[in-house]
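Computed from a prediction, not measured in an experiment: that's the story for all the values here. Worth knowing before you read on, the calculation uses all heavy atoms, side chains too, and leaves out hydrogens, waters and symmetry mates.
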Amino acid sequence: MFGNSHQVASNQDGPHEQLAAVVARHLAHPWRAPVAAHTRTAFADAADWRAAQGAQRPLVLDSGCGTGRSSVWLAGQHPEALVIGLDQSGERLRRGHLRFDPLPSNLLLLRAEAADFWRLAVEAGWRVQEHCLFYPNPWPKSAHLRRRWHGHPVFPVLLQLGGQLRLRSNWPVYLEEMRRALVLAGATAQVSALPGAMTPVTDFEEKYHASAHPLGELLGNLEPARAL
């Protein structure tokens, strides 16, 4: 059954017709929802860890890291950097700690709400070298545009973190919507297909690859993004 994952089903056959309007509204109106208490605690732990490891080291974020397979890979790819893997599920992270024990010394896995963590990071003046979003929930129904990262009110904060954005998805519409949203915000981005001979870096990627899904990657440079 490993190679029988269903492809994304949606009532959209292309980018959402309201995408530009939604992005423009979020760029013009900062999001001011309360921050979850457990994420404030997690961010304080992350700040202490960075200070102990060397806050001058480059920072890589892996948001929605699941059990941390991609975070471990990133830590190996960037030994000079500090890698923080974020996931909202404590159970997934617990399994990751068991699966990858011991974790690389330059990796921290944290239970946190990604959107809240990003806001706290921006408030603290953090900037990232690379920000990875590997196979986020596509929320494929057209009514759920505002739950996708490019349609979410936290989108301007994602831009403010800077650095390179690396997004992978098995739904081409998600990638193209993010590309368009970034361009609307003054950033640059390109989408390309992942090679067939690739080595998967997440469990979802391994499953989707085995199921012959159309896997793609967006690389965005957030440095030219509009100041907010």
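- Between the Ser211 side chain and the Ser5 main chain, a donor and an acceptor come within less than 3.5 Å of each other.
- The CZ atom of Arg146 lies 7.0 Å from the CD atom of Gln18; values are rounded to the nearest 0.5 Å.
- For the pair His209 (side chain) and Gly196 (backbone), a donor-acceptor distance under 3.5 Å is present.
- Between His150 and Leu145 the shortest side-chain heavy-atom distance falls below 4.5 Å.
- In the hydrophobic clustering of ILVMFWY residues, with side-chain heavy atoms under 4.5 Å counting as a link, Leu219 and Leu158 come out apart.
- Val8 and Val173 end up in the same hydrophobic cluster when Ile, Leu, Val, Met, Phe, Trp and Tyr side chains are linked at under 4.5 Å.
- Relative ring orientation between Trp118 and Trp149 is described as tilted, the plane-to-plane angle lying within the 30° to 60° band.
- With sequence neighbours excluded, the residues that form a side chain to side chain contact (heavy atoms under 4.5 Å, CB included) with Val72 are Phe100, Leu103, Pro104, Leu107.
- In this structure, Leu86 and Ala112 approach most closely via the heavy-atom pair CD2-CB, 4.3 Å.
- Exactly one of Arg25, His29, His26 qualifies for a side chain to side chain contact (heavy atoms under 4.5 Å, CB included) with Pro153. That residue is His26.
- Put simply, CG on Leu165 and CG on Leu133 are 5.5 Å apart, with the number rounded to the nearest 0.5 Å.
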Apply side-chain contact (heavy atoms from CB on, under 4.5 Å) to the pair Val157 and Trp31, showing each step before the final yes or no. CA-CA 9 Å; Val157 179; Trp31 189 40; 5.9 Å; no

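- Around atom CD of Gln12, more than 12 heavy atoms belonging to other residues, nucleotides or ligands sit under 6.0 Å away.
- The CG atom of Leu175 lies 9.0 Å from the CE atom of Met178; values are rounded to the nearest 0.5 Å.
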For side-chain contact (heavy atoms from CB on, under 4.5 Å), just list the numbers for Cys65 and Leu93, CA-CA rounded to whole Å, side-chain angles, deciding distance to a tenth of an Å, and then say yes or no. CA-CA 9 Å; Cys65 67; Leu93 293 173; 3.9 Å; yes

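- His16 contributes a side-chain N or O that, together with a main-chain N or O of Ser142, makes up a donor-acceptor pair within less than 3.5 Å.
- With salt bridges taken as basic N to acidic carboxylate O contacts below 4.0 Å, none links Arg69 and Glu205.
- The CG atom of Asp87 lies 13.5 Å from the CZ atom of Arg94; values are rounded to the nearest 0.5 Å.
- The residues Arg99 and Asp203 are annotated as salt-bridged, a charged nitrogen and a carboxylate oxygen being separated by less than 4.0 angstrom.
- Here CG of Leu159 is found 6.5 Å from CG of Leu27. Values are rounded to the nearest 0.5 Å.
- Under a 3.5 Å cut-off, the side chain of Arg168 and the backbone N or O of Cys132 do not form any donor-acceptor pair.
- When atom types are taken as modelled, the side chain of Arg127 and the backbone of Gln160 share a donor-acceptor pair closer than 3.5 angstrom.
- More than 12 heavy atoms of other residues, nucleotides or ligands shown are found within 6.0 angstrom of OH on Tyr135.
- Contact record, Ala20 with Leu184: CA-CD1, 3.7 Å, taken as the closest heavy-atom pair.
- Side-chain contact between Ser192 and Leu218 is absent, with no heavy atoms from C-beta onward closer than 4.5 Å.
- Using a distance-only test at 3.5 Å, with no hydrogens or angles considered, no donor-acceptor pair links the side chain of His213 to the main chain of Leu215.
- The cluster map of Ile, Leu, Val, Met, Phe, Trp and Tyr, joined by side-chain heavy atoms under 4.5 Å apart, puts Val154 and Trp139 in different clusters.
- Of the possible donor and acceptor atoms, one in the side chain of Arg57 sits under 3.5 Å from a partner among the backbone N and O of Glu80.
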Sequence neighbours excluded and cut-off under 3.5 Å, please list the side-chain donor-acceptor pairs for residues 35-53, or say none.
unit_1, atom_1, unit_2, atom_2, d
Thr39, OG1, Glu113, N, 3.0
Thr41, OG1, Ala37, O, 3.4
Arg50, NH2, Ala55, O, 2.9

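- Checked by atom type and distance alone, the side chain of Asp62 never pairs as donor or acceptor with a backbone atom of Gly85 at under 3.5 Å.
- Using a cut-off of 4.0 Å between Lys/Arg side-chain N and Asp/Glu carboxylate O, Glu176 and Arg180 are scored as salt-bridged.
- A donor-acceptor contact closer than 3.5 angstrom links the side chains of His131 and Ser63.
- Residue pairs meeting the salt bridge (charged side-chain N to carboxylate O under 4.0 Å, His left out) criterion with at least one partner in residues 148-167, sequence neighbours excluded, are Glu130-Arg166, Arg148-Glu177, Arg166-Glu217.
- Using a 4.5 Å heavy-atom cutoff, the side chains of Arg95 and Thr67 are in contact.
- Residues Arg119 and Pro34 share a closest heavy-atom pair of NH1-O, 3.9 Å.
- No side-chain donor-acceptor contact under 3.5 Å links Asn221 to the backbone of Gln164.
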Show, in sequence, the C-alpha distance, side-chain angles and deciding distance for Arg179 and Val183, and conclude whether the side-chain contact (heavy atoms from CB on, under 4.5 Å) test is met. CA-CA 6 Å; Arg179 188 195 69 78; Val183 170; 4.0 Å; yes

Given the rule in the side-chain contact (heavy atoms from CB on, under 4.5 Å) test, do Thr188 and Leu182 qualify, once you have shown the distances and angles that lead to the verdict? CA-CA 6 Å; Thr188 58; Leu182 291 174; over 6 Å; no

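- Val22 approaches Gly151 most closely through the heavy-atom pair CG1-O, 3.5 Å.
- Distance check, rounded to the nearest 0.5 Å: CD of Glu206 to OG1 of Thr199 gives 10.0 Å.
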